[in-house]
Amino acid sequence: MAMLFMAPGLKAASWVEHLQAQDPGLDLRVWPNSGPPEEIEFILCWKHPLGEFRKYPNLKCIASLGFGVDHILRDPGLPPGVPVVRLVDEAMTRAMSEYVVAAVLNHTRRFNLFRQDQAEKVWKPRSSLHTPEVHVGIMGLGTLGRHAAATLRLLGFPVAGWSRTARQIEGVECFAGPKRLDEFLARTDILVCLLPLTPATRDILDRRVFARLPSGAYLINAARGDHLVEEDLLAALDSGHLSGACLDVFRTEPLPEAHPFWSHPGIALTPHSASHTYPADVAPQIVENYRRVRSGQAPLNRIDMDKGY
Ligand code: GLV
């Protein structure tokens, strides 16, 4: 029985090395060389070709090579009843918080504007935004959102969070559910999206949400491109209602050359680089999950299929 690595966009060699270091006897195959499909019990995937799962009749688990599982759940051929798991990793979590902090500080310390001044050789001192008065609001209070909230709090930002179900986090004002979204938005100067992508959160960053933010608010999206209605962001920036945005994810990746985000002065963008998965760090949890499902135990970090995360 075997594990299949099915991530056409990633370099398999390093994954193979680190997974086999955990278990030298591991029968690990790299798609498309899966061998007889009935031998595959565990698939490790990232942006796999849709429909491919159907070929493997004896699957016991499908594991994402990232935090998100939207790339797996959108497959219409997802075999019912097979557990789907994701990675949860401290280095990835920390990296995401670093990204959020960098994006917040680029805005509050005016680095975004200083870069533009530098390009024009303009010497123009600008005062920073005053940290205790900048209300950061984080959408999504899972592992990533909670860590980012704690990190921003250490820097002195007043932090609130919004999530589907009620949470209690020390020092973080928590709002839950659609009914409390407006209240959360009205107190938010910097909106950070760290939500999972589900049918309920797709297109959530739209004109309605932007209109509820105070004038001059700033947006950071490090979750998924499909959370954001791109035309609505452009309209909110061009009207001056939003002061800027930092985006790591896009509806189409790579971002097409003709896309208006590339040259918009209010947008700082990065190419889906907020957080990385390091094979050496996560190989132990993958091999542990493989061991668990083969011995009939429940895998770690299993997705709730009803919630979609
Ligand atoms: C990256 O986008 C991830 O889901 O880990």
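Formation of a donor-acceptor pair under 3.5 Å by the R292 side chain with backbone atoms of A298 is found in this model. Counting only distance, with no hydrogens or angles, the side chain of S163 and the backbone of A176 share no donor-acceptor pair below 3.5 Å. Of the possible polar contacts, none joining the T188 side chain to the I190 backbone as a donor-acceptor pair under 3.5 Å is found. Side-chain atoms of N289 come within 3.5 Å of backbone atoms of L300 as a donor-acceptor pair (strictly under, hydrogens ignored).
A salt bridge links D117 with R126: the closest approach of a Lys/Arg side-chain nitrogen to an acidic carboxylate oxygen falls below 4.0 angstrom. A salt bridge is defined here as a Lys NZ or Arg NE, NH1 or NH2 lying under 4.0 Å from an Asp or Glu carboxylate O, and D226 with R74 fails to meet this definition. Remark: K47 does not engage D70 in a salt bridge, criterion side-chain N to carboxylate O under 4.0 Å.
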Worked verdict on D189 versus V136 for side-chain contact (heavy atoms from CB on, under 4.5 Å):
CA-CA 6 Å; D189 302 306; V136 182; over 6 Å; no
List the steps and the verdict of side-chain contact (heavy atoms from CB on, under 4.5 Å) for D203 and H227.
-> CA-CA 4 Å; D203 296 329; H227 286 125; over 6 Å; no
Test S64 against L87 for side-chain contact (heavy atoms from CB on, under 4.5 Å), laying out the working first.
CA-CA 7 Å; S64 170; L87 296 177; 5.9 Å; no
Which is it for M139 and L205 under the side-chain contact (heavy atoms from CB on, under 4.5 Å) test, yes or no, and what are the steps along the way? CA-CA 10 Å; M139 296 178 96; L205 302 173; 3.8 Å; yes
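T270 meets the side-chain contact (heavy atoms from CB on, under 4.5 Å) test with Y99, D248; sequence neighbours excluded. Shown here are the side chain to side chain donor-acceptor pair (under 3.5 Å) partners of E39, two or more places apart in sequence or in another chain: R29. Under the side-chain contact (heavy atoms from CB on, under 4.5 Å) criterion, H18 pairs with S14, P279, A280, A283, sequence neighbours left out. In this structure T93 satisfies the side-chain contact (heavy atoms from CB on, under 4.5 Å) test together with F67, T143, L144, H147, sequence neighbours excluded. With sequence neighbours excluded, the residues satisfying side-chain contact (heavy atoms from CB on, under 4.5 Å) with D232 are D206, R207, F210, V229. Residues satisfying the ring pair (Phe, Tyr, Trp, His ring centres under 6.0 Å) criterion with F157, sequence neighbours excluded, are absent altogether.
Here the closest heavy-atom approach between residue G68 and residue H71 is recorded as O-NE2, 3.2 Å. Closest heavy-atom contact between D75 and P49: OD2-O, 4.3 Å. The two residues T108 and V134 come nearest to each other via the heavy atoms CG2-CG1, 4.2 Å. When all heavy atoms of G145 and L194 are compared, the pair lying nearest together is CA-CD1, 3.8 Å. Contact between F250 and L269 at its shortest, heavy atoms only, is CZ-CB, 3.7 Å. When all heavy atoms are compared, the tightest approach of V249 to R224 is CG2-C, 3.3 Å.
When the shell of 6.0 Å around CZ of R109 is examined, it contains 12 or fewer heavy atoms from other residues, nucleotides or ligands. Residue-environment remark: CZ (F114) exceeds the threshold of 12 foreign heavy atoms within 6.0 Å. Within 6.0 Å of CZ on R115 lie no more than 12 heavy atoms contributed by other residues, nucleotides or ligands.
Cluster annotation: I204 and F175 are assigned to the same hydrophobic cluster (Ile/Leu/Val/Met/Phe/Trp/Tyr, side-chain heavy-atom contacts under 4.5 Å, transitive). I220 and L181 fall into different hydrophobic clusters, defined by Ile, Leu, Val, Met, Phe, Trp and Tyr side-chain heavy atoms under 4.5 Å apart, directly or through other members. Under a hydrophobic clustering in which Ile, Leu, Val, Met, Phe, Trp and Tyr are joined whenever their side-chain heavy atoms come within less than 4.5 Å, directly or via other members, F111 and I267 fall into different clusters. By the rule that hydrophobic residues join a cluster once side-chain heavy atoms approach within less than 4.5 Å of another member, L185 and V172 end up as members of separate clusters. Residue L105 is not grouped with residue L247 when hydrophobic side chains (ILVMFWY) are merged at heavy-atom distances under 4.5 angstrom, including chains of intermediate members.
Interatomic distance, NZ of K124 versus CZ of R110, reported as 10.0 Å (0.5 Å rounding). Here C193 contributes atom SG and W162 contributes atom CH2; the two are 9.5 Å apart, rounded to the nearest 0.5 Å. For the atom pair CZ of R294 and CZ of R291, the computed distance is 11.0 Å after rounding to the nearest 0.5 Å. With rounding to the nearest 0.5 angstrom, the OG1 atom of T131 is 10.0 Å from the CG atom of L152. Of the inter-residue distances, the one linking S295 atom OG with K60 atom NZ reads 10.0 Å to the nearest 0.5 angstrom.
You'll find the side chain of E173 reaches within 4.5 Å of the side chain of R187, heavy atoms only. Using a 4.5 Å heavy-atom threshold, the side chains of L197 and R202 count as touching. E41 places a side-chain heavy atom less than 4.5 Å from the side chain of Y290. Considering only heavy atoms from C-beta on, T151 stays 4.5 Å or farther from L155 through its side chain. Using a 4.5 Å heavy-atom threshold, the side chains of C174 and L141 count as touching. Residues L19 and Q22 have side chains not in contact (no heavy-atom distance under 4.5 Å, counting atoms from C-beta outward). W15 is listed as a side-chain neighbour of L65, based on a closest heavy-atom distance under 4.5 Å. Annotation: side chain of R208 is in contact with side chain of D182 (closest heavy-atom distance under 4.5 Å).
Clustering of Ile, Leu, Val, Met, Phe, Trp and Tyr side chains at separations under 4.5 Å places F53 together with L4, M6, W31, I40, I43, Y56, L59, I62, V69, I72, L73, L78, V82, V84, I303, M305. Under a 4.5 Å side-chain heavy-atom criterion applied to ILVMFWY residues, the cluster that includes L50 comprises that residue alone.
Between N112 and Y218, the side chains place a donor N or O and an acceptor N or O closer than 3.5 Å (distance only, hydrogens not considered).
Judged as a side-chain hydrogen bond (donor to acceptor under 3.5 Å, both in side chains), the pairs with a partner in residues 253-264 (not counting sequence neighbours) are, in order, E230-H259, D238-H264, E253-H272. Annotation: salt bridge (Lys or Arg N to Asp or Glu O under 4.0 Å) contacts involving residues 266-278, sequence neighbours excluded, are absent. For residues 149-171, no residue pair satisfies the salt bridge (Lys or Arg N to Asp or Glu O under 4.0 Å) rule, not counting sequence neighbours. A salt bridge (Lys or Arg N to Asp or Glu O under 4.0 Å) check over residues 81-95, counting only residues at least two apart or in different chains, returns the pairs E90-R94.
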